[in-house]
2 protein chains.
Amino acid sequence: MATISDVAARAGVSTATVSRALNGKSTVDPELASRVRAAAKELGYRPNGLARNLRRQETAVLALIISDVENPFFTAIARGVEDTAQAGGFQVVLCNSDENADKERRYVEVALSERAAGVIVSPSGLPGSLDPLFDSGTPVVAVDRRMPDRSCDMVLVHSRLAARQATEHLIEQGYQRIACLTGPEGVPTADDRAAGYRDALVGTGRREVLRRAEYRAPGAQVAASELLGGPERPDALLVGNSAMAVGVLGAMRAHGLRAGIDLGLVSFDDAPWTTLLEPQLSVVAQPAYQIGVQATRLLLARIADPGRLPSTVTLDARLIARGSSSRSPGSP
Amino acid sequence: MATISDVAARAGVSTATVSRALNGKSTVDPELASRVRAAAKELGYRPNGLARNLRRQETAVLALIISDVENPFFTAIARGVEDTAQAGGFQVVLCNSDENADKERRYVEVALSERAAGVIVSPSGLPGSLDPLFDSGTPVVAVDRRMPDRSCDMVLVHSRLAARQATEHLIEQGYQRIACLTGPEGVPTADDRAAGYRDALVGTGRREVLRRAEYRAPGAQVAASELLGGPERPDALLVGNSAMAVGVLGAMRAHGLRAGIDLGLVSFDDAPWTTLLEPQLSVVAQPAYQIGVQATRLLLARIADPGRLPSTVTLDARLIARGSSSRSPGSP
DNA sequence: TTGAAAGCGCTAACAC
DNA sequence: GTGTTAGCGCTTTCAA
């Protein structure tokens, strides 16, 4: 592969001039500049990013470490990050930590050793697993899940409030035994959903029925099956995310239960298929794309000014009530 | 950030010894090696990957350029790539070209200038848009969509055959006016589905009704609406992918049509929600994860031996017939 | 405006 | 077994 010296030789100038010409420095004779461009083109020259970044001590690549590529919530965040980063002249590489602290650590290593300009991460939740990242001084923004023991830029969702509103909605609809199936203990979003659920139940005389499972379909299906097959079956359920909702709906099918009528249902995350069900699934829609946009803005601001004080952006989620949380089937 | 010289100074050895010790070369005195490790730890030393890669003239990072992060088919491929690459000692960075030839080109530039060890790409379809990638000599594997005018490693699916089988299944079920809604002209997978659909229709006396739309929900919904609202409404439909199926099902809802009874339905891609519908959606399941695995194997083999002859792996897809393609509602 | 030369941090000959 | 040193390809002083 052609190097800058090859181009310089061919254009009959020094490597310095090639560098200046190709980087659009104004202090280059137009005549030389065009000779350089021609030579570069003929040789199919492509600057070596490694050498450039090594010399400049900076990169134009952001790393986005998300906890599950197969979860539409996170891919929507990725879209927001990508659009905003590209507009700011940065490229984004996506790393899938798969809710696995070990993979997360490995990708942090990659991001650091490749000297990414900044990192956006949805923390897997294991305390301290991101210490190397923070200690490195690399600009970081945490999304979706807060970092309890670290001061850093964050973009979060009012999910406790949203969980409370969703539960209150189920109460208003007249459901009596309302359960909550959320993510693993210690994962902040999962704990928030549980807390919001509790907030709504206080003083209503209803009993708390709280279950935990991983944020995926299989675990949720098992947990839901236990709940639905046990004594004192709940008549409504608040579900932690859309992957879990898939498991819950699978369990309901197995138990012959109809959404809305036999079991009121609200799930976090507005997946594209939720309106295809009969009845349609009520959801708490999180502004995933906006989370990505805001996180990138914070990150770019911090890259530009590493000394600025960390700030937290908290976005609202929106309850969309549909048929699955309404006792009269078929109502909106 | 600490450099190798800092570590060398602290351990009282040369940088060469630090490098050897940290890279596990056996020719280092154990005593010195442990002193080096201690010094590195104390300083929080992290090798500069840029410098290392520049010197070594190689990277352990693969780039995976997929056409849509929000499509479960591609994220499943990504999982397969990631698992296989990690087992082979490579990291994977994901780039989302978003079915956009321009973005695709930009990410190719990034992959080349960062000197990725290899690239796996699901081509956007614009002819020639990947020329720089191929011309660079970087190891490449194309997945899902073949490169008609290039000789390179590929991992494909027998989707023409699968489309034919799916259509034959609809014929067997007694549907008479079978239409096909597939992706844009020129996208190989879209053309294959159309061809397979035609293969099945030949000699059955049925008329071809072929529609094209982008591989996403909105376009598919519009196209399906036209089809379903027009004269001589089809009584069955073969759909190009799961995102399109979302659009089609939305259109059916708007027109008050029931799957299976009013409209026999088979869609490509076995998304997690397909079994939640009533009736369940019949699908052509593509081995997405395996595509990722095989593609990575081919890529690693080519990285190890750039001179080997290109080969193509073609995997089978599997028809899973469920209620949406059966006239008797509720049958499996 | 242009060129010569230093040097980013690391690895791999080569010499001892 | 260890140190010295050259050099990966680029950008950026510093002189001219």
Side-chain angles (χ1 to χ4, degrees), chain A residues 1-37 39-40 43-61 109-117 136-138, chain B residues 1-37 39-40 43-61 109-117 136-138:
Chain A
M1 192 163 285
T3 74
I4 198 170
S5 324
D6 300 330
V7 179
R10 177 152 195 138
V13 297
S14 73
T15 59
T17 300
V18 174
S19 173
R20 284 191 279 254
L22 262 28
N23 288 300
K25 295 274 190 291
S26 52
T27 66
V28 177
D29 186 285
E31 146 72 16
L32 282 192
S34 74
R35 239 162 64 200
V36 167
R37 278 194 299 274
L43 293 169
Y45 171 67
R46 192 180 311 282
N48 185 321
L50 297 171
R52 164 181 288 170
N53 296 334
L54 176 59
R55 171 63 227 229
R56 284 200 182 146
Q57 298 283 67
E58 66 178 33
T59 327
V61 174
E109 285 301 323
V110 175
L112 291 179
S113 78
E114 303 296 323
R115 302 296 193 265
S136 73
T138 301
Chain B
M1 192 163 284
T3 75
I4 199 171
S5 324
D6 300 330
V7 179
R10 178 150 194 142
V13 298
S14 73
T15 59
T17 298
V18 174
S19 173
R20 284 191 280 254
L22 261 30
N23 287 301
K25 296 273 189 291
S26 51
T27 65
V28 177
D29 187 284
E31 146 73 14
L32 282 194
S34 74
R35 239 162 63 200
V36 167
R37 279 193 299 274
L43 293 169
Y45 170 68
R46 191 180 314 280
N48 184 322
L50 296 171
R52 164 181 290 172
N53 296 335
L54 176 59
R55 171 64 228 226
R56 283 198 182 149
Q57 298 283 65
E58 65 178 34
T59 326
V61 175
E109 285 301 322
V110 175
L112 291 179
S113 78
E114 302 296 324
R115 301 296 193 265
S136 74
T138 302

Q: Quick one: label Asn53(B) by what it contacts on the DNA or RNA (base, sugar-phosphate, nothing), any heavy atom closer than 4.0 Å.
A: nothing
Q. Say you draw a straight line from OG1 of Thr3(A) to CZ of Arg46(A); how long is it, rounded to the nearest 0.5 Å?
A. 14.0 Å
Q. Expressed in angstrom and rounded to an integer, what is the separation of Leu54(A) atom CG from dT11(C) atom P?
A. 12 Å
Q.
Measuring from the side chain of Arg20(B) (C-beta onward, heavy atoms only), which nucleotide among dA4(C), dA13(C), dC10(C) has the closest atom?
A. dA13(C)
Q) Between dA5(C), dG9(C), dC8(D), which one does the side chain of Gln57(B) approach most closely? A) dC8(D)
Q) On a plain distance test, is the side chain of Arg46(B) in donor-acceptor contact with the base of dG9(C) below 3.5 Å? A) no
Q | Interatomic spacing from CD1 in Ile4(A) to CZ in Arg52(A) - rounded to 0.5 Å | A | 8.5 Å
**Q.** Nearest heavy atoms of Ser5(A) and Thr15(A), plus distance in Å
**A.** CA-CG2, 3.9 Å
(Q) Starting the side chain at C-beta, find the nucleotide from dT2(C), dT11(D), dG9(D) nearest to Asp29(A). (A) dT2(C)
Q: Could you check whether Leu50(B) gets within reach of a base, just the sugar-phosphate, or nothing at all, counting any heavy atom under 4.0 Å?
A: nothing
Q. Looking at the side chain of Ala16(B), which of dT4(D), dC8(D), dA5(C) is the nearest nucleotide?
A. dT4(D)
(Q) Once rounded to the nearest 0.5 Å, what's the spacing between atom CE of Met1(B) and atom OG1 of Thr138(A)? (A) 5.0 Å
Q | Check against side-chain contact (heavy atoms from CB on, under 4.5 Å), Asn53(B) and Glu114(A) | A | CA-CA 9 Å; Asn53(B) 296 335; Glu114(A) 303 296 323; 3.5 Å; yes
Q | Side chain Arg115(A) and base dG9(C) donor-acceptor under 3.5 Å | A | no
Q: Report the residue (Thr15(B) or Val18(A)) whose heavy-atom-nearest nucleotide on DNA chain D is the more 5′ of the two.
A: Thr15(B)
Q. dG3(D), dG3(C), dC8(D): which one has an atom nearest the side-chain heavy atoms of Arg55(B)?
A. dC8(D)
**Q.** Under 4.0 angstrom between Thr17(A) side-chain N/O and dG3(C) OP1 or OP2
**A.** yes
**Q.** Separation of dA12(C) C1' from Ile4(B) CD1 (nearest whole Å)
**A.** 12 Å
**Q.** d(CG, Asn23(B); P, dG9(C)) in whole Å
**A.** 17 Å
Q.
To check you understand the geometry: which heavy-atom pair defines the closest contact between Ala39(B) and Arg10(B), and what is its length?
A. CB-CG, 3.7 Å
Q: Could you state the atom-to-atom distance from CG of Leu32(B) to P of dT2(D) in whole Å?
A: 4 Å
Q: Would you indicate which nucleotide in dC10(C), dA6(C), dG3(C) comes nearest to any side-chain atom of Asn48(B)?
A: dC10(C)
Q: Specify the residue among Arg56(B) and Val13(A) whose closest nucleotide of DNA chain C lies further upstream toward the 5′ end.
A: Val13(A)
Q | Spacing of Glu58(A) atom CD relative to dT11(D) atom C1', expressed in whole Å | A | 11 Å
Q. Starting at the 5' end of DNA chain D, which residue's closest nucleotide do you reach first, Met1(A) or Val28(B)?
A. Val28(B)
Q.
Checking contacts here: which listed nucleotide (dT2(C), dA12(C), dG3(D)) is nearest the side-chain heavy atoms of Lys25(B)?
A. dA12(C)
Q. In whole angstrom, what separates Arg35(B)'s CZ from dT2(D)'s P?
A. 9 Å
**Q.** Contact under 4.0 Å: Arg52(B) side-chain N or O vs dT11(C) OP1/OP2
**A.** yes
